[in-house]
Amino acid sequence: MKKIENIKIGALVSHPLNRSFERTGDRWDEFAESVRIHGVMEPLIVRPMGGKKGTFQMLSGHRRRQAAEDCGLMEVPCRVETGTIVTGK
């Protein structure tokens, strides 16, 4: 079982191949409201970025992170994959 950690939103970097998404409309509003009420229910999947201690690249969970940020949360639950280190810009 992988360890779940709460990580500050500011320490999370989007994956460069992540598709952008619309943050408008009823679906987004309902999703963001759910995060506001219940918090982030499923952890994001992240990996450490080499050369940037304390910084993590998101592999999964970009929408959850954005909704959490829009709701004013400071941290989100993350599953840290430690087998791969990404060298970042």
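Predicted model, so just to flag it, every value in this text is computed and none were measured.
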[Y] and [X], any side-chain heavy atoms less than 4.5 Å apart:
{"X": "S14", "Y": "H62", "value": "yes"}
{"X": "I45", "Y": "P43", "value": "no"}
{"X": "D70", "Y": "F31", "value": "no"}
{"X": "M49", "Y": "V13", "value": "yes"}
{"X": "T55", "Y": "L12", "value": "no"}

Shortest non-hydrogen separation from [X] to [Y] and the atoms involved:
{"X": "A68", "Y": "V76", "value": "CB-CG1, 3.5 Å"}
{"X": "A32", "Y": "A67", "value": "CA-CB, 4.2 Å"}
{"X": "P48", "Y": "E81", "value": "CD-O, 3.2 Å"}
{"X": "G54", "Y": "A11", "value": "O-CB, 3.2 Å"}

If I take atom [atom1] from residue [X] and atom [atom2] from residue [Y], how far apart are they, to the nearest 0.5 angstrom?
{"X": "C78", "Y": "I4", "atom1": "SG", "atom2": "CD1", "answer": "8.5 Å"}
{"X": "M58", "Y": "L44", "atom1": "CE", "atom2": "CG", "answer": "6.5 Å"}
{"X": "I37", "Y": "C71", "atom1": "CD1", "atom2": "SG", "answer": "9.0 Å"}

Exercise. Show your reasoning for whether salt bridge (Lys or Arg N to Asp or Glu O under 4.0 Å) applies to R36 and E33.
Key: CA-CA 5 Å; R36 186 186 69 74; E33 180 68 6; 2.6 Å; yes
Self-check item: Side-chain donor/acceptor of R79 to backbone N/O of V46, under 3.5 Å
Solution: no
Exercise. Could you go through the side-chain contact (heavy atoms from CB on, under 4.5 Å) check for H15 and R47 one step at a time?
Key: CA-CA 10 Å; H15 191 283; R47 60 185 174 186; 3.8 Å; yes
Quiz prompt | Worked verdict on F56 versus K8 for side-chain contact (heavy atoms from CB on, under 4.5 Å) | solution = CA-CA 10 Å; F56 299 85; K8 292 186 184 300; over 6 Å; no
Practice problem: With side-chain contact (heavy atoms from CB on, under 4.5 Å) as the test, would you mind laying out the steps for V80 and K3 before giving the verdict? | Solution: CA-CA 7 Å; V80 179; K3 181 179 175 190; over 6 Å; no
Quiz item: Step by step, would you call I7 with E75 a side-chain contact (heavy atoms from CB on, under 4.5 Å)?
Solution: CA-CA 5 Å; I7 296 178; E75 298 180 332; over 6 Å; no
